[in-house]
Amino acid sequence: MNDAGMIYVHIPFCVKKCDYCDFVSGVCEKNVQEAYFKALKEEIVKRSESAPDKRVGSVFFGGGTPSIVDAGRIKDILDLIRVRFEIEDDAEMTIEANPNSVTSDKLKVYREAGINRISIGLQSSKDDELKTLGRVHTFKEFLKTYDLVRTAGFSNVNIDIMSAVPGQTLDSYHETLKTVATLNPEHISAYSLIVEEGTPFFERYKDGAGLPDEDTERKMYHDTESILKEYGYERYEISNYARPGYECKHNMGYWTGRRYMGFGVAAASYDGSGRRTNTEDLNEYIGGNWERETIELSETDKIEEFMFLGLRMTRGISKSGFKEAFGKDIYDVYNVQIQKLKDHGLIVESGERIFLSKLGTDVANTVMAEFMF
Ligand code: SF4
């Protein structure tokens with residue numbers, strides 16, 4: 001992807017709000033969608049005028065559930081992006097889709113529009129767990145969607161699954177892992193459920209009762225890696241697994257400090273010096289007040305991010321990359337921390353790279369905290 005930038009487009013609409021979800025998303029009338037897409041186009045046009053470098057190596061439609069809106073709307077947005085930016089020939093173009101929300105016609109439009117990667121939100125192969133999560137689909141319905149996606153010719157597919165779901169056992173989680181791996185997607189994202197404040201789940205589970213205990217949760221994490229490995233998937237980031245060559249370019253871009261423009265409500269952007277966030281208020285966004293704030297990042301902010309984001313990846317950070325980015329040796333900044341974490345077996349230094357050890361991955365947040373100024 002060389003040093004081209006990335007584009008994220010947020011589509012905040014869903015069929016129903018899931019009980020654990022704290023994303024900026026919700027159920028909306030068609031006329032709100034109409035107004036939203038109008039504002040989205042205006043934002044893309046306006047902001048593209050001042051974009052200093054128009055090259056784009058990946059586009060990602062996230063949400064929400066981008067696949068519930070008319071496919072023509074997605075195509076319109078992509079057509080506009082093509083006019084206003086320079087999309088590279090080998091760009092990764094992803095759309096998130098939920099089971100039941102795509103048809104073969106929709107998928108055909110996506111293909112024609114240039115989308116080449118589909119990310120499907122499954123979460124579990126167990127219907128009782130899907131029900132607990134407040135998902136609106138069954139596993140059988142997911143299978144139908146997966147089949148449609150493959151039949152439409154998509155050869156780069158991600159499936160999202162979730163651990164630490166209330167009522168989930170080690171066995172049922174293993175079954176989800178194996179069932180999904182048997183389907184042979186190119187990529188699997190496996191996140192642990194986080195009970196976020198402000199969601200129905202918070203009221204139900206804030207004291208932890210009903211959730212898998214910490215040991216089980218840890219075991220689920222470890223088993224994800226070992227089971228998926230048996231099926232040929234490599235972990236390349238704390239929660240992401242892929243067949244060789246199918247690591248998500250867009251997410252890798254976030255973890256390696258690439259610049260990106262985020263369009264839509266609540267979308268974030270990074271131009272290499274500052275981080276801009278858009279308003280989270282849908283009405284405000286539709287009214288044309290897109291931006292909430294832009295914060296200039298200091299050099300220390302950027303150094304911290306280089307470490308936090310880079311260490312998320314199994315390959316870790318590059319020492320020469322650090323020098324290139326900040327004009328100084330990593331040891332001039334973090335000598336004490338690197339020695340201490342190495343002595344405790346939490347990070348590994350191998351040639352040009354520094355990465356989390358297995359133990360360090362278990363306590364990743366503690367390791368990252370060591371790199372804060
Ligand atoms: S489908 Fe995704 S974005 Fe929509 S409510 Fe559920 S978890 Fe949130």
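Order of listing sets the numbers, starting from 1, for every ligand and every atom in it. Numbers for residues simply follow the sequence, beginning at 1.
- For atom 8 (Fe) of ligand 1, protein N, O or S atoms under 2.8 Å: 1 in total.
- Screening Thr151, Val149, Thr145 for a side chain to side chain contact (heavy atoms under 4.5 Å, CB included) involving Leu107 leaves a single residue, Val149.
- For ligand 1 and Lys16, the ligand atoms under 4.0 Å from any heavy atom of the residue are 5 (S).
- Residues passing the salt bridge (charged side-chain N to carboxylate O under 4.0 Å, His left out) test with Glu284, sequence neighbours excluded: none.
- Using a 3.5 Å distance cut-off with no hydrogens or angles, the side chains of Glu129 and Ser124 do pair a donor with an acceptor.
- For residues 194-225, every residue pair satisfying the ring-ring contact (aromatic ring centres under 6.0 Å, His included) rule, not counting sequence neighbours, is listed here: Phe201-Tyr205.
- Asn158 and Glu96 are not linked by any side-chain donor-acceptor pair at a separation below 3.5 angstrom, with hydrogens and angles left out of the test.
- Atoms of ligand 1 lying under 4.0 Å from at least one heavy atom of Arg135, given by number and element, are 1 (S), 6 (Fe), 7 (S).
- Note on ligand 1: Glu96 sits outside its first shell, no heavy atom being nearer than 4.0 Å.
- Those atoms of ligand 1 with a heavy atom of Asn98 less than 4.0 angstrom away are 1 (S).
- Aromatic pair Tyr260/Tyr254: ring centres closer than 6.0 Å.
- For Asp213, the side chain to side chain donor-acceptor pair (under 3.5 Å) partners are Thr216, not counting sequence neighbours.
- Heavy-atom minimum distance, Phe85 versus Ala51: CE2-CB, 4.1 Å.
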